Every structure is written in C-alpha cells, then in structure tokens.
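A short worksheet on the structure shown next.
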2 protein chains.
Amino acid sequence: MLKQPASAANGSTAAPSQGAEVQPLYKGRATLGMVAQRAGVSPSTVSRILNGTAKVSEDKQTLVRQVIEELGFRPDPTARSLAGGRTMSIGVLTQYIDSPFYGEALRGIEDVLHQAEYAPLFVSGHWNQEEERSRLGLLQDRKVDGIIVLTGKLADQTLVDMANQLPVVVTGRQLSAPNLFSIDFDNIEGAGLAVKHLHALGHQNVAFISGPLDHPDAEQRLMGYRAELARRDMPSDDALVVYSDFQESGGFRAMNQLLESRVNFSAVIAANDQMAYGARLALHRAGLRVPDDISLVGFDDLPHSAFTLPPLTTVRQSVYEIGASAAKAMIDLLSKKTPSTILIEAEIIVRESSRIFRR
Amino acid sequence: MLKQPASAANGSTAAPSQGAEVQPLYKGRATLGMVAQRAGVSPSTVSRILNGTAKVSEDKQTLVRQVIEELGFRPDPTARSLAGGRTMSIGVLTQYIDSPFYGEALRGIEDVLHQAEYAPLFVSGHWNQEEERSRLGLLQDRKVDGIIVLTGKLADQTLVDMANQLPVVVTGRQLSAPNLFSIDFDNIEGAGLAVKHLHALGHQNVAFISGPLDHPDAEQRLMGYRAELARRDMPSDDALVVYSDFQESGGFRAMNQLLESRVNFSAVIAANDQMAYGARLALHRAGLRVPDDISLVGFDDLPHSAFTLPPLTTVRQSVYEIGASAAKAMIDLLSKKTPSTILIEAEIIVRESSRIFRR
DNA sequence: TTGTAGGCGTTATCAA
DNA sequence: TTGATAACGCCTACAA
C-alpha cells in the first residue's frame with residue numbers, strides 16, 4: 001500500500017491514477033500529523049526534523065523525509081505561526097506600489113527575501129503619515145516577523161518604538177537604535193555630484209527643480225545642491241530654485257516658471273528624472289535647445305533616461321541594491337546578527353544633455 | 001474563577017489603569033477571550049458580533065463593541081485562518097513587481113482590495129512558467145482566499161484546475177469556467193486602432209516592432225496589427241515586422257534592424273512605449289525626423305509618453321481599471337456573486353509623433 | 001439568543 | 001532521542 005511499483009504510481013499504464021502522487025501543485029493537503037502517522041513516529045519528531053530543533057536518529061530522519069516527499073507535505077504557515085509565533089513573512093511599507101523609483105527596491109527585497117524563504121507583504125502608505133501608520137497596523141496584525149520601511153514620513157520615534165516589538169529596517173534616514181537598522185540614500189552626495197559635474201563644465205548659474213519639501217528625498221537632494229553650491233562659491237539665488245511634485249507634468253510647469261522668472265541660468269538640475277523629462281519638453285516649447293542652450297541633469301537614472309532626446313545626464317544609485325541590502329539586513333536582524341553597513345554610492349552618469357558652458 | 005466581577009476584570013476603579021488604553025498602535029495584544037471575559041459574555045458571542053454570524057442582542061452588541069474599543073482588540077488573522085479557513089488575503093501573481101505596465105494594475109488591485117478589507121499578497125513569476133507555478137504554490141501554502149493572475153504563461157488548464165480549489169481571476173485571456181473570471185486586455189483592438197490611425201493619415205507602409213512572441217500581450221498586439229492591415233488591404237510584408245523584447249534598448253536595436261533591412265515604410269508601430277522610446281532614438285541617430293520623416297506610434301501610454309520629444313502618439317487602456325476590475329471580480333466571486341463583465345476599451349491618444357503622410 | 005466543547009496544524013514543555 | 005500533552009486565538013457545530 002505504501003510503496004507501489006512505479007507503473008501504478010504514475011498511472012501511465014493503468015486507469016487514471018488518483019490521489020496523493022498526482023495531486024496538482026496547488027492542492028496542499030497532507031498534514032504533519034498524517035506524515036507522523038504514516039512514518040510511525042510522533043508529530044513532535046516530524047516537527048523536530050523540519051525545524052532542526054533537536055537531534056533525531058538518522059533512520060527516522062530519512063524515513064520521515066521520504067514520507068514527506070511521498071505525501072507532498074508542506075507545513076502550513078498559518079498553523080506554524082499560531083503555534084510558534086513566526087510567520088516567515090516580512091512587512092514592507094512602500095509608498096506607491098507602482099513607483100518607478102522604489103519599484104526596483106521592491107524587486108531587490110523580493111529577491112533576497114525569497115532566497116531566505118521569507119515572503120514580503122507589501123503595503124502602500126502614499127506618503128501620508130496616517131496611512132502609513134494604519135498599514136503598519138495591518139502588518140502587525142498579520143504578525144509579520146519584521147518590517148522594512150521605505151522612507152516615508154513616519155516620525156523617527158515611531159520606528160524606534162516599533163523596534164521594541166520586532167526588527168525594523170528603514171531607508172532614507174540615519175537612525176541608530178537597538179533592533180533597528182537604517183540605510184540612507186546617497187541623496188546629498190548625489191546632488192553634490194550633479195553640481196560638481198556642471199561646475200566642471202564651466203556652468204556658474206545652475207537652477208534646481210526640487211521635489212515637494214515634505215518629502216525626505218526631495219529635502220535631502222535640495223540640501224545637497226545648496227551645500228555644493230556654497231562649497232564652490234557659486235551663485236545661490238533663491239529664484240534659482242522652484243518647487244514641484246516629482247512628476248513629469250510638474251517638471252514641465254516648474255521649467256516654465258523658471259523661464260518666466262527671467263532668472264539667469266545656463267544649467268538645470270531636476271531632483272528626479274521624471275521632472276527632468278517634463279522640463280526638457282518645456283525647454284523645447286520655449287525654443288531652447290538641450291544641451292546647446294541649457295544643460296539638463298536629472299536624478300535616478302530611470303531606464304528611459306538613456307533613450308531620451310538627448311539621452312539624459314543623471315545621478316544614479318542602485319535602488320535595487322538598496323532594497324536587497326535592506327532585506328539582507330533584515331535577515332541578519334532576525335538571526336540576531338548585526339547587519340554590516342554597506343554604502344551604496346551615487347554616481348553621475350554623463351550622457352548628452354549636459355555640455356560645456358559657452359556664453 | 002472564570003467570571004469575575006467587572007471591577008476586577010477591568011480594574012478601572014483600582015490602580016491607575018495600565019496597558020490597554022495607551023498601548024501604541026503597534027502593540028496588538030488583547031485576545032477575543034479577554035474581550036469576552038471583560039464583557040461578561042462567551043467567546044462565541046464576541047465572535048458572532050465580529051462576523052455577523054448570528055443575531056446577538058442589542059445591549060450585548062454595544063457592550064462588547066465598547067470593550068473591543070477599550071482594549072483595542074483586533075482579531076488575529078492567523079488564528080482566524082487556522083480556525084475558519086479564511087485569511088482575508090488574496091494572492092496576486094504578477095510578473096515583475098516593478099513593471100511599468102502592470103504596476104498600475106497592482107495599484108488598482110490594492111486600492112479595491114483594501115476597501116473590502118482584504119490584503120493582497122504579491123508574488124512575481126518573471127514570465128517563467130516554472131516560477132509562476134512555484135509562486136502559486138507559495139500562495140496556496142499561505143492559504144490565500146483567492147488568486148488574481150496577471151497574464152503570465154501558465155496553461156489555461158492549470159488555471160481552470162486551480163479554480164476548483166479557490167476563486168481565480170485572470171487577465172490577458174478569455175477563459176470561461178466555474179469559479180473563474182477572466183478580463184482580457186484590449187490588445188487586438190488597440191493595435192488595430194494604431195493601424196487605423198496611421199492609415200487615416202495616409203500611411204500605407206507601416207512597420208511593426210513586436211514584443212517577444214512567447215508573451216501573450218506581444219502576440220495579441222501583433223495579431224491585431226496584422227488583422228487590421230489585412231482589413232485595409234495595406235501591404236503586409238514580413239520584413240515590416242521585427243521582434244524585440246519590450247525594452248528600450250530592444251526598441252533601439254529593432255529600429256536599426258528595420259533601417260538596415262531597407263524595407264520601405266513611412267510609419268512604425270512599437271508594441272509598447274518603452275520600445276518606442278528606443279526606436280525614436282535610433283531614428284534620430286539615423287538622421288530621421290519624427291514625425292516629419294517617419295511617424296511613430298507606441299502602446300501603453302506610460303506617464304512619460306506625454307513628455308517625450310515629440311510627445312508620443314500611443315494606444316491607451318486603463319491598466320489601473322483592469323486591476324481594479326479584477327479585484328472587484330474577485331470580491332464578487334468570494335461572495336458567490338457573478339462578476340459583471342466590464343469592457344475596458346483601448347483608445348488612441350494622438351500626440352505629435354504621427355502626422356499626415358507626404359511622399 | 002447564548003454558552004460549551006472541540007478542533008484547525010504546529011510548536012513547545014515535560015517527562016520518560 | 002522520543003512521545004504525550006498543552007497551548008496558540010479563533011470559529012462552529014451542538015446544546016441549552
């Protein structure tokens with residue numbers, strides 16, 4: 001009954017085989033108890049083998065594993081979590097599930113977590129502190145084993161408190177607390193790189209299209225721009241900075257605003273590529289050529305940026321790596337190891353939208 | 001021992017109330033049992049109130065709800081699922097978590113599901129049947145209440161079989177089976193629209209940059225192009241079609257291939273916007289102007305497309321709506337209602353990359 | 001309308 | 001090394 005000849009098992013010769021062996025992938029039936037019974041051991045033994053919680057004799061090991069194979073048994077995460085407390089899932093708070101910027105980070109997280117047999121549970125906060133809190137609540141309810149927060153607007157203290165309950169990894173800030181690990185984006189450095197690049201090309205008057213200031217990335221990038229300007233004694237006129245929303249349409253409007261203000265500039269940095277795209281079109285509509293009349297630099301190096309007209313000079317940092325590192329850090333935290341600090345540096349990708357200044 | 005006087009149970013009159021009321025959002029302690037005890041009713045009663053499983057007297061209702069409030073009780077989804085079988089979560093199989101095309105669908109799904117108090121569990125199949133199957137297994141293990149499949153490469157039969165176990169909603173195909181609902185993209189129509197548009201502008205020789213043919217969306221779009229060509233007696237030369245990978249770089253290469261082949265064409269349709277971007281750059285490198293020399297039409301209307309140079313004429317279908325509809329259909333299926341068939345039509349967005357043909 | 005008892009599939013604690 | 005025996009937090013007959 002237990003071991004049938006292959007012919008019977010695969011049913012290729014006999015009547016349509018039924019039961020265990022052919023169960024389609026998506027029918028997860030067998031329980032730990034059934035495995036135990038069929039193997040003639042106690043449930044605890046099976047559990048131990050599964051989790052390596054204690055030594056089990058060789059023979060029983062192999063026997064049980066074999067039965068597990070036969071039955072296609074897969075432990076029920078739900079039950080596991082109720083009993084043991086761990087769900088093998090990690091909450092990930094992002095802002096928009098379809099963000100072109102953070103999307104890559106999600107992929108990094110997913111890849112790394114999957115290897116470690118954890119599953120990510122993605123929720124979106126929409127850059128709204130209230131929502132972020134409520135989604136965090138949802139994650140807690142679902143008993144995630146840890147939480148990764150991609151930037152957002154939560155108070156630092158909220159995160160630190162949360163780290164009392166479970167491991168937390170957060171991007172976009174520099175925080176230090178027990179059970180909490182943070183990975184900052186290289187925004188300040190990155191914006192500095194853009195300024196440096198333009199300065200090297202001879203530009204002095206560099207305008208900046210900023211993101212919304214209540215947005216951490218935006219704030220940091222603006223800060224980086226200002227700092228580098230100061231460091232190089234470049235003119236830092238308030239009129240050189242306009243504020244927008246990180247969208248293409250916003251970049252378009254911001255550029256027009258800059259143009260109308262009649263402030264003098266020979267180059268523009270947009271705080272993200274999307275706004276750079278919009279700005280580029282506005283420039284075109286105004287009869288200005290890029291880079292001949294105005295140099296343009298973006299930030300993020302979205303996949304499209306290598307193919308715009310002209311291809312966009314931009315600041316790049318591997319968001320995928322940041323996501324992956326966040327996930328690795330989480331795994332470390334879960335195993336009580338101290339995550340190693342990795343620095344993911346920004347770099348400037350020089351393409352054709354920026355050129356040497358000529359008056 | 002079990003039923004203590006209220007005063008002892010809630011301790012409100014005694015020492016400074018501790019715990020419960022001030023517990024921070026992220027500390028989910030109280031259990032259903034505690035609520036019951038404190039309200040002086042049985043656990044089942046509380047459960048009934050929570051689920052509306054049976055009639056409960058008004059007074060107990062309000063009393064219990066009040067206690068729930070006080071304790072900040074939130075039912076444990078894990079326990080709930082173990083006992084009742086429902087996890088209030090829906091598995092969503094997408095292909096790449098950061099896909100610019102499907103991303104919007106994810107947002108639609110998330111929004112609708114959240115309103116209905118369901119949580120999405122996103123997994124990625126990477127356009128690989130094996131992976132898709134394995135991720136589906138993961139979803140089953142996690143006991144999701146239903147599964148939404150965004151296109152992908154699974155066999156229809158696999159989905160139909162799966163629908164025996166739990167409700168399934170799938171996009172990108174036309175399938176009819178019990179407990180299964182499908183929403184097709186308007187790919188064929190959409191591609192037809194692009195051809196029609198160019199034809200109306202006087203173009204006769206229209207090239208096509210296709211996606212990879214093992215990709216359902218790609219196949220359907222090519223089919224739509226061919227069908228419309230035939231319908232209008234336009235030349236349908238095999239050399240007019242080149243195959244690529246849905247990426248910008250692929251579009252670039254494809255365009256060069258087209259150019260090198262010396263086939264005669266005055267307009268090009270790219271099977272998605274990303275390839276259109278690449279193609280547009282290749283055209284520029286070759287000294288060809290868009291739309292003066294060549295008209296270019298994309299597909300998807302990504303956010304960037306309104307801001308490219310020139311702004312791209314493209315086919316649009318609301319992927320957000322498709323996601324949202326899929327989620328709604330899932331909710332319907334879960335409540336044993338028959339989802340209503342909604343048609344989300346494609347439309348052509350005419351911008352500046354296409355113009356009247358002149359020889 | 002309400003309460004009691006048993007069970008969902010695992011893990012954890014004790015003995016043996 | 002192994003096996004009973006409780007939990008884990010909730011739902012659901014079954015009974016009252």
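In what follows, chains are A, B, ... by sequence order, proteins preceding strands, each numbered from 1. Since we're looking at a predicted model, the values are computed, not measured.
- Taking five base pairs at each end of the helix from dT1(C)-dA16(D) to dA16(C)-dT1(D), the local helix axes there meet at an angle of 40°, rounded to 10°.
- In the model, Asn128(B) has no side-chain atom that pairs as donor or acceptor with a side-chain atom of Arg133(B) under 3.5 Å.
- In this structure, Lys60(B) reaches the dT2(C) phosphate: one of its side-chain N or O atoms is under 4.0 Å from OP1 or OP2.
- Contact between the side-chain N/O atoms of Thr45(B) and the OP1/OP2 oxygens of dG3(C) is found at a separation under 4.0 Å.
- One can place CG of Leu82(B) at 17 Å from P of dA7(D), the figure rounded to the nearest angstrom.
- Donor-acceptor pairing under 3.5 Å is recorded for the side chains of Arg65(B) and Gln61(B).
- Here the C1' atom of nucleotide dT2(C) and the CG atom of Asp59(B) are 12 Å apart, to the nearest Å.
- Contacts classified as salt bridge (charged side-chain N to carboxylate O under 4.0 Å, His left out) and involving residues 119-131 of chain A (residues at least two apart or in different chains) are given here: Glu131(A)-Arg135(A).
- Evaluation of the side-chain hydrogen bond (donor to acceptor under 3.5 Å, both in side chains) rule for Ser44(A) yields Ser42(A) as partners, not counting sequence neighbours.
- Taking atom CD of Glu58(A) as the reference point, atom C1' of dT2(D) lies 16 Å away to the nearest angstrom.
- Distances shorter than 4.0 Å separate some side-chain N or O of Ser42(A) from OP1 or OP2 on dG3(D).
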Which nucleotides of nucleotides 11-16 of chain D have their base under 4.0 Å from a protein heavy atom (B), which only their sugar-phosphate (S), and which neither (-), written as one string 5' to 3'?
SBB---

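- What separates CG of Asp141(B) from P of dG9(C) is a distance of 14 Å, to the nearest Å.
- Distance NZ (Lys143(A)) to C1' (dT11(C)): 15 Å, rounded to an integer number of Å.
- At whole-Å resolution of the value, CZ in Arg142(A) and P in dC10(D) are 14 Å apart.
- Using a 3.5 Å distance cut-off with no hydrogens or angles, the side chains of Gln115(A) and Asp111(A) do not pair a donor with an acceptor.
- Under the side-chain hydrogen bond (donor to acceptor under 3.5 Å, both in side chains) criterion, Lys328(B) pairs with no residue, sequence neighbours left out.
- Taking atom CD1 on Ile68(B) and atom C1' on dC10(D), their separation rounds to 13 Å, with Å as the unit.
- One atom, CE of Met34(A), and another, P of dG9(C), lie 9 Å apart when rounded to the nearest Å.
- Glu110(A) and Ser124(B) share a side-chain donor-acceptor pair at under 3.5 Å.
- With sequence neighbours left out, the side chain to side chain contact (heavy atoms under 4.5 Å, CB included) criterion links Lys337(A) to Asp332(A), Ser335(A).
- Arg86(B) CZ: 12 or fewer foreign heavy atoms inside a 6.0 Å radius.
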